[in-house]
Amino acid sequence: MRIDILSVLPELLQSPFEHSIMKRAQDKGLLTVVVHPLRKWAVNEYGMIDDYQYGGGAGMVMMCEPLAKAIEELSAERKYDEIIYLTPDGERLNQKISNSLSLKGNLLMICGHYKGIDERIRTNYVTKEISIGDYVLSGGELPAAVLVDSIGRLLPGVLNDETSALFDSFQDNLLAPPVYTRPVDFRGWKVPDILMSGDHKKIEEWRHEQSVLRTKERRPDLLEE
Ligand code: ADE
């Protein structure tokens, strides 16, 4: 999979993909992430990419021209399955969306700043709008990093144990069960006996029970879906 990202702050997106699982995905050739500085398509030599909004009001708006030119130039090189704008008024990200995006070949992500991007770019180029939650961040870079991570780890071959993403929280609309590692007894706090029983069938049943219990307690809305 290839993911291109348009950003006015490309530096913000350097580190997130250079470590751990995202690094491994790229080293294995399963994922390519390319961050493009939007100012490359600025309207003047001062790097202008935003302007005051029509109708008045505080806050700048990202202009049509740099975005349109960037999208058109990148789209001439490859066909994008989705052009995604990260925005707090987009569809709220969940595991189902990440699962479905992980099946695509090429994605283009647009990070907004200030008051956001000119509505005409949303209408005429953007195919999907995603929010990572009901709170407002300073820009779309961290949301883009979240989205890339949640998609990247689902690509076949990225995780060591191919099945492990299947048991993540939210797959099957259930939260993950509690997990334990050594020692068996830490300051008198013990690991549940069942996990030491060696009875894999019983352990799986226990884990499922715990998942359901945890979901009922913490996220009953997931069980209603
Ligand atoms: N940009 C600013 N806040 C955001 C959010 N919550 N989700 C996606 N993009 C954003």
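Order of listing sets the numbers, starting from 1, for every ligand and every atom in it.
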Q | Which residue and heavy atom of the protein sit nearest atom 6 (N) of ligand 1, plus the separation | A | Tyr135 O, 2.8 Å
Q. Looking at atom 4 (C) of ligand 1, what's its closest protein heavy atom, distance included?
A. Pro88 CD, 3.7 Å
Q. Who passes salt bridge (Lys or Arg N to Asp or Glu O under 4.0 Å) against Arg24, sequence neighbours left out?
A. none
Q. What are the two closest non-hydrogen atoms of Cys111 and Glu141, and how far apart are they?
A. CB-OE2, 3.5 Å
Sub-3.5 Å N/O-N/O distance, [X] and ligand 1:
| X | value |
| --- | --- |
| Pro143 | no |
| Ile132 | yes |
| Ser138 | no |

Q. Nearest non-hydrogen atom to atom 2 (C) of ligand 1 belongs to which of Thr87, Leu142, Leu147, Leu137?
A. Leu137
Q) In a check of side chain to side chain contact (heavy atoms under 4.5 Å, CB included) between Ser211 and each of Asp172, Leu174, Asn173, which one passes? A) Leu174
Q: Check whether any side-chain heavy atom of Val148 sits under 4.5 Å from a side-chain heavy atom of Met109, and report yes or no.
A: yes
Q) With sequence neighbours left out, what residues match Asp149 under side chain to side chain donor-acceptor pair (under 3.5 Å)? A) none
Q) In Å and rounded to the nearest 0.5 Å, what is the CG to CE distance from Asp81 to Met1? A) 7.5 Å
Looking at ligand 1, does [X] have a heavy atom less than 4.0 Å from it?
| X | result |
| --- | --- |
| Ile130 | yes |
| Gly139 | yes |
| Gly133 | yes |

Q. Are any of the side-chain nitrogens in Lys201 or Glu205 under 4.0 Å away from the carboxylate oxygens of its partner?
A. yes
